[in-house]
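Comments concern the structure below.
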Amino acid sequence: MARTREVYYFDYVKDFGLSCLAGTLCSRATLRTDAPGVLALAGAQAKDEKDGDGDGDDQLGRDVRLLLDSPLPDEVLRTVWLAAVRRCFDPVEEDTDTRSWLRRVAEVCPAHRRERGRAEAEVLDEARPTVPEEELRGTVAAEIESAAPALERAVAVPEIVPALLRVVREVDADLGLRLFLRAAKAYSVPIGQEAYDRILGIGDLLAYPATAVFEELNVQWLPLDPGRRDFALGRFGVTLLAGVFHGTDWRYQGTVPENIRSITEGDGMYAPGSYAAVLLEDVRRLVDSALSDEAVTALWRTASGRVYVHDEAFDADGRPWLEQVARACLVRLAEVDPCYVPRVTPARSDLAQAVLREVREATRTESAEVRGVARTLEDVVTTVDPDLGFRLLLDILFTYRVPVTEAQGVRYRALAERFGYGADHLDEQLSRRPH
């Protein structure tokens, strides 16, 4: 019978289960970490006392029981525990063995299943991971073996690699992955970006919240690439800026500088500075282009849904406004990568004619706002960058709810693939627009 897996991102926004408890202990390394203190933390996590709604971290108890029910000897359990908590609490020092200690943790984490309504349960069933356990064991074990030299150098717990592999192969690959990540985070084990991308993919396969993978992980990032386009979370660059400053809604999220920083500092799972680098490239293309000041202003205010907003002066003139954004990007880049030299990657001129055809077809619409920037969009495609022109077209069509035919959608997806966009970029734009 196929295993029923959890949809973790539905219930958690960060790490969860035993790896979350271990992370909490690591963050309190200078505070009290005796047995009563650790048990109190475990009980609070299981009961979610911060919210008081009774829906605590069910996975903590499940993780502990997986280890208790396993055939792993006590020395293996102790090894993975010590590595996960960075040796800040050792059950042996409390005159108990690790299995007995885990039983005490299990006692404060009673078995519990969240109550689900019918509709919610149906949504979760559709989203549940379906990866077979044997396949997952092989994938996770391969990542641990790949990181073995770095783990053995950095983790101050002997035999950590074989212990983690035994958890993966004899207990649960999901739990083994999270304990591997926790040990790597606890000891700042360097993880190459290619390995990180693979691990992030495994986390996505298991429906983890992305933060459960990337937060605290010591990734050895490759140099920043302003031409990167495969962001998984939809829009980026100037179209993300337009979304953040849409209409007058931005005021509820903070000041103008705070809203800009929400983008430049919002890298999340990507290399620090990634969003600032691609935004700076978009901004520099527009500011340094041959477009008139009036055209830049009209294009920005149309894309951001601010055509009829007249009582806010910060973006009344498009070029000075974008220069302000560029300065904020440079501040962020100087903070995270002082050696970074801003550059503009070559424009995708090979796709200019294909994008131009889509612009000309899509802007023959009843929307006066869209027709008003049709010529400017054409100029962006032919004289600035077809990629930027295509993204602005999608954003403007979305903003003014212009219907898109099925045939157009197929062509847009093909173009997005050729530009290298992440799958969510088109999903965000097309799935919410009437056809």
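Both the sub-6.0 Å distance and the 45° axial angle are not jointly satisfied by Arg5 relative to the ring of Phe10. A cation-pi contact links Arg228 to Phe231, judged by a cut-off of 6.0 Å to the six-membered ring centre and 45° from its axis.
Centroid-to-centroid, the aromatic rings of Tyr275 and Phe236 stay 6.0 Å apart or farther.
For the residue pair Arg411 / Gln408, no side-chain donor-acceptor distance below 3.5 Å is found, with atom types taken as modelled. Side-chain contact check for Tyr270 and Asp230: no donor-acceptor pair (N or O, by modelled atom type) lies under 3.5 Å. Side-chain atoms of Thr96 and Glu94 form no donor-acceptor pair, as typed in the model, at a separation below 3.5 Å. For the residue pair Asp15 and Tyr8, no side-chain donor N or O sits within less than 3.5 Å of a side-chain acceptor on the partner.
Rounding to the nearest 0.5 angstrom, the gap separating the CG atom in Leu177 from the CZ atom in Arg182 is 12.5 Å. Rounded to the nearest 0.5 angstrom, Ile396 CD1 and Thr363 OG1 are separated by 10.0 Å.
Using a 4.5 Å heavy-atom cutoff, the side chains of Phe180 and Val140 are not in contact. Counting heavy atoms from C-beta outward, Glu417 and Arg413 have side chains that stay 4.5 Å or more apart. When side chains are defined from C-beta on, Leu136 counts as touching Ile202, because their heavy atoms get closer than 4.5 Å. Taking 4.5 Å as the limit, every side-chain heavy atom of Lys47 sits out of range of all side-chain heavy atoms of Cys109. Leu241 places a side-chain heavy atom less than 4.5 Å from the side chain of Trp300.
The backbone N or O of Leu333 sits nowhere less than 3.5 Å from a side-chain atom of Asp337 that would complete a donor-acceptor pair. Distance alone, capped at 3.5 Å, places no donor-acceptor pair between the Arg78 side chain and the Asp97 backbone.
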Next on the checklist: Apply ring pair (Phe, Tyr, Trp, His ring centres under 6.0 Å) to residues Phe16 and Tyr208 and explain how you reach the verdict.
Outcome noted: CA-CA 9 Å; Phe16 50 90; Tyr208 287 3; 5.5 Å; yes
Checklist entry - Can Arg306 and Asp315 be said to form a salt bridge (Lys or Arg N to Asp or Glu O under 4.0 Å), step by step? => result CA-CA 9 Å; Arg306 295 177 53 78; Asp315 64 346; 2.7 Å; yes
Item to check | CA sep, side-chain torsions, deciding dist, call: Asp387, Arg418, salt bridge (Lys or Arg N to Asp or Glu O under 4.0 Å) | outcome: CA-CA 10 Å; Asp387 163 37; Arg418 294 187 68 184; over 6 Å; no
Item to check | Steps toward side chain to side chain donor-acceptor pair (under 3.5 Å) verdict (Gln45, Asp57) | outcome: CA-CA 6 Å; Gln45 180 179 324; Asp57 186 346; 2.7 Å; yes
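Ion pairing of Glu281 with Arg229 is present here, as a side-chain N (NZ or NE/NH1/NH2) and a carboxylate O approach within less than 4.0 Å. Between Arg332 and Glu265 there is no salt bridge, since none of the side-chain N atoms of the basic residue sits less than 4.0 Å from a carboxylate O of the acidic one.
Judged as a side chain to side chain contact (heavy atoms under 4.5 Å, CB included), and not counting sequence neighbours, Val13 has no contacts.
When the shell of 6.0 Å around CD of Glu159 is examined, it contains 12 or fewer heavy atoms from other residues, nucleotides or ligands.
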